[in-house]
Amino acid sequence: MSEALKKRFYVLASIIGILLLLLVSRLVYLQLIKGDYYREISIKQAIRLIPIDAPRGEIVDRYGVKLATNRPSFSVDILKGEVVDSHLNETILKLIHLLEKNNVKYKDDLPLYLNDKGEPYFNFKNPDEGDVSPETLKEREKAWKKANNINESATAKETWDILMKKFKISKDLSPQDARKIMVVRQLMEEQGYNQYQPVEIAVDVDQKTVAEIEERHLELPGVMINIKPIRYYPYGTLLSQTLGYIGRITPEDLKKLDIKKYKLTDLVGHSGIEALYEEYLHGKDGGQQVVVDNYGRLIKNLSTVPPVPGDTVFLTIDKNIQEAAEEALINTMQKLREGKLGKPRPNAKIGAAVVVDIHSGKILALASVPGFDPNIFATGSPPKDVVNELFRERDATVDPSPIFNYATQGAVPPGSTFKMIVALAALETGVTTVDEKYLDPGVYITGQTNWLWNEYGRTQGWVNVSDAIKYSTDTYFYEMGRRMGIDKIVEYAKKFGLDQKTGIELPEAKGIIASPQYKREFYLALIRSMVKSERNPDGPITEEQYNKIVEIVDKGDLSDYNTFLKLEKMGIKDPKLQRKLWEMMYYARHWSLADTCSAAIGQGDNQFTPLEIASYISTLVNGGIRYRLHLVDKIVDAEGNIVKKTEPEILGKIDIPKKYLDAIKLGMKGVTERGGTASAAFDGFPMTVGGKTGTAEVGIKGRDNYAWFVGFAPYDNPQIVVVTVIYQGGGGSYAAYVARDIFDAYFGLSKSGERETFNLVNTPLR
């Protein structure tokens, strides 16, 4: 071998040796040094977890009666790995046509819709949502386009063309059929598009449809039937506003929830207890471990991890008392509309009732009528017409709103139910005594009258504090208000928490106590609404002019001549505008004896919710302890462990002398006895009850008065307080019939001697 050839041989051998050395070194690195790391990656790539939905936690009453639970249902899924790509669109279309033929709703989250002409347009509002701000919808559009690699400025038509091409949808199909394919393909893509992962198309499918799918399984490859839990409310409308409802996850939900615990297809609480206790009610999904190949196709099952149900939320509610309250409201309002309790009240369609344990603050019933059936939201695809009706804009004080909780958010004038506060304030400040007699003049010095004078032209003669409560003598309380002044009335109303929230877990409105301060703020707010701004470009006054108006109001010189002159000098020259501003400025500053008298009988600006009134009456009757009102008693996990427990919480105390409380309670007992304003409702009732009617004027022509009743029982050893209100019910004596039925249910006073079960007759809004 020549030297040149040898040299070439050694060079080649050296190169081969170096390559072998590098290969061995790499193998040592991969197998020994990084072996565990790459082995774990390999396993992760081969083993997948198919989620198994966890049942949502139940909501039950204080005795464990299920108010929100789950039931098994059939779902229709597609497993892409079992469908040839070229036949996927065809399979989807066949399935959707089958579902539509049987009136089965399928999931439709595609924000691209078709109008009557078959032209695409965007709509980013979920089908189970009410009003959504334009800003929120714009943010959703931006996020959706980004997630789907679509230009932010793309129109609906351009987006349509992109999806047609992306999903290889034939242009020979009608736009309607093309969209059906689009809906499912988009759903599959959002869920990961893994061939081993079933994609849920429809839930709560009927057995007829399931049988038909099974019969046609050869022409529907990859279509599967599964069983999954679905939310179920056994009593329909019962306690509906409190329980709330569930719906699809929104982008806004994702910002608040721990997304690691949720799938994009999960349903979450959207209102009421369902939303407030979502973190407890949401269970932990289980899963099936499977091995897949490099194409994502299922090879075999390994193991199953069972799901963990959500926690059980125990409410303080008594289901029987809740049923009694709702049924009593419905029946009484129907009688009022039909004229069976006197003059027909055709607009008595809204009512609320609250029942409270006075020694703990536990709410035993929280009724708001009308209600809605939360089952319509259980699948996440409620009927559009029902949703539109539920969430349409309305004046909820006149037009009944099934989703509005009148018990916690309906703040209205309390009428004479407020008088016990004025009575206690008058006694404690020494402007009267339990024995002092006041002669009812029928017409007070302000020109305001007693109700008896208005209806019968008579007076009630001499009355003391107990008599004044029993007969609801307005002039007596006008006089007490005059003697004390408005500040004392406000002080005692605050002591009972009427300007504070009760502490209930649900959203609640905060009451308004009539006062010069509130009156000033109210009218200045009206003037403020007239200031020119970006939101109000046509505002007739400027910010500088508003500030000068506030200065004038605070100085108090509001004679019409001086005020008009000052408005003229600051550039407000329109006489009509000057007049309008002067009137509001005058009312903002002016507080009269008539205002005090109105406040003393629960009129004027006084506005409270039934919940607040229940808190005040409970505080009064139990001797002065104001408890935080609460709905949730405890939360228990799937193993029976108490996760959270609500203990009674004292928010405040009032030192009420026994002789004053006895005098007030005596008057409240008289209300339900012969001669009292609620005597008709409690005639023959086998238990002594204390109470107070309230007839609050609406102040709007054509509307009937609010009808209130507050009561407690038993009289000698009070356990519960009942508060009822009927909008446009005419008079407080009618609301007393509702309370009577609630007392009957609570104490089991039916003739059989057994506790009566009331059947709910509230018709669901469907």
Side-chain angles (χ1 to χ4, degrees), residues 412-427 429-433 436-465 467-493 498 512-520 522-523 553 556 558-560 582-608 667 677 692-701 703 705-706 708 731-732:
V412 298
S416 296
T417 63
F418 187 74
K419 287 176 178 175
M420 284 77 77
I421 284 179
V422 178
L424 179 62
L427 291 168
T429 54
V431 301
T432 191
T433 66
E436 183 196 359
K437 295 277 188 174
Y438 171 77
L439 180 61
D440 169 28
V443 181
Y444 196 59
I445 56 175
T446 56
Q448 292 158 292
T449 56
N450 186 21
W451 68 270
L452 190 63
W453 180 270
N454 290 336
E455 293 189 21
Y456 304 104
R458 292 167 27 207
T459 73
Q460 282 166 331
W462 295 95
V463 292
N464 62 16
V465 65
D467 297 328
I469 292 172
K470 175 178 179 177
Y471 300 119
S472 202
T473 311
D474 289 340
T475 52
Y476 176 91
F477 293 96
Y478 295 154
E479 175 64 13
M480 294 306 113
R482 183 194 66 78
R483 292 181 187 181
M484 286 186 294
I486 187 60
D487 290 344
K488 275 297 173 185
I489 296 175
V490 172
E491 177 188 333
Y492 274 77
L498 289 179
I512 296 168
I513 301 173
S515 68
Q517 293 78 13
Y518 173 76
K519 192 175 181 182
R520 173 186 181 276
F522 175 79
Y523 282 102
V553 169
L558 292 171
S559 64
D560 53 0
W582 175 78
E583 287 178 355
M584 289 189 284
M585 292 164 69
Y586 176 81
Y587 287 127
R589 179 70 184 186
H590 183 70
W591 183 268
S592 67
L593 175 58
D595 289 327
T596 299
C597 292
S598 291
I601 62 166
Q603 292 285 168
D605 293 324
N606 284 314
Q607 290 187 37
F608 310 111
T677 54
K692 183 72 190 80
T693 55
T695 304
E697 296 178 2
V698 181
I700 299 176
K701 188 177 180 180
R703 292 197 199 175
N705 298 326
Y706 294 102
W708 284 87

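Note that these values count all heavy atoms, side chains included, but never hydrogens, waters or copies made by symmetry.
- There is a side-chain donor-acceptor pair under 3.5 Å between T475 and D440.
- Side chain to side chain, N464 and E436 fail the donor-acceptor criterion of an N or O pair below 3.5 Å.
- Using a 4.5 Å cut-off on side-chain heavy atoms (C-beta onward), I489 and F477 make no contact.
- Here the side chains of P414 and N606 are in contact, with some heavy-atom distance below 4.5 Å.
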Can Q460 and N450 be said to form a side chain to side chain donor-acceptor pair (under 3.5 Å), step by step? CA-CA 9 Å; Q460 282 166 331; N450 186 21; 3.2 Å; yes
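- Taking 4.5 Å as the limit, some side-chain heavy atom of V412 sits within range of a side-chain heavy atom of W708.
- Side chains of Y478 and I445 form no contact here, defined as non-hydrogen atoms less than 4.5 Å apart.
- Between the side chains of K692 and S472, at least one donor N or O lies within less than 3.5 Å of an accepting N or O.
- Under the 4.5 Å side-chain criterion, counting only non-hydrogen atoms from C-beta, F418 is not in contact with I601.
- Summarising the geometry of A468 relative to V463, their closest heavy-atom pair is N-CB, 4.2 Å, with the distance given to 0.1 Å.
- With rounding to the nearest 0.5 Å, the separation of OH in Y438 from OH in Y476 is 10.0 Å.
- Enclosure of atom OH in Y518 by more than 12 non-hydrogen atoms of other residues, nucleotides or ligands within 6.0 angstrom is indicated.
- Between D605 and K519, no side-chain nitrogen of the basic residue sits less than 4.0 Å from a carboxylate oxygen of the acidic one, so the salt-bridge criterion is not met.
- Of all non-hydrogen atoms in K488 and A425, the two that sit nearest each other are O-CB, 4.5 Å.
- Heavy-atom minimum distance, P413 versus Y706: CD-CE1, 3.8 Å.
- Distance OG/S559 to OH/Y586: 11.5 Å, rounded to 0.5 Å.
- Residues V490 and S515 approach most closely at CG2-CB, 3.7 Å, considering heavy atoms.
- With rounding to the nearest 0.5 Å, the separation of CE in M480 from OG1 in T473 is 11.0 Å.
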side-chain contact (heavy atoms from CB on, under 4.5 Å) between D474 and K419, worked out: CA-CA 9 Å; D474 289 340; K419 287 176 178 175; 2.6 Å; yes
Quick one: do E697 and Q603 satisfy side-chain contact (heavy atoms from CB on, under 4.5 Å)? Show the steps, please. CA-CA 7 Å; E697 296 178 2; Q603 292 285 168; 3.8 Å; yes
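- Under the 4.5 Å side-chain criterion, counting only non-hydrogen atoms from C-beta, M484 is in contact with V431.
- Taken from CG in L452 to OG1 in T677, the straight-line distance is 11.5 Å, to the nearest 0.5 Å.
- Residues I486 and P516 form a side-chain contact, since some pair of their non-hydrogen atoms from C-beta on lies under 4.5 Å apart.
- Donor-acceptor pairing under 3.5 Å is lacking for the side chains of N705 and T695.
- With respect to the salt-bridge test (charged N to carboxylate O, under 4.0 angstrom), the residues K437 and E479 do not qualify.
- A pairwise comparison of heavy atoms in V553 and R589 identifies O-CD, 3.2 Å as the closest pair.
- Under a cut-off of 6.0 angstrom, the local environment of CZ in R703 is crowded, with over 12 non-hydrogen atoms contributed by other residues, nucleotides or ligands.
- At a cut-off of 3.5 Å, with distance as the only test, a side-chain donor of W591 or T596 sits close to an acceptor on the other residue.
- Taken to the nearest 0.5 Å, the OH atom of Y492 stands 6.0 Å off from the OG1 atom of T429.
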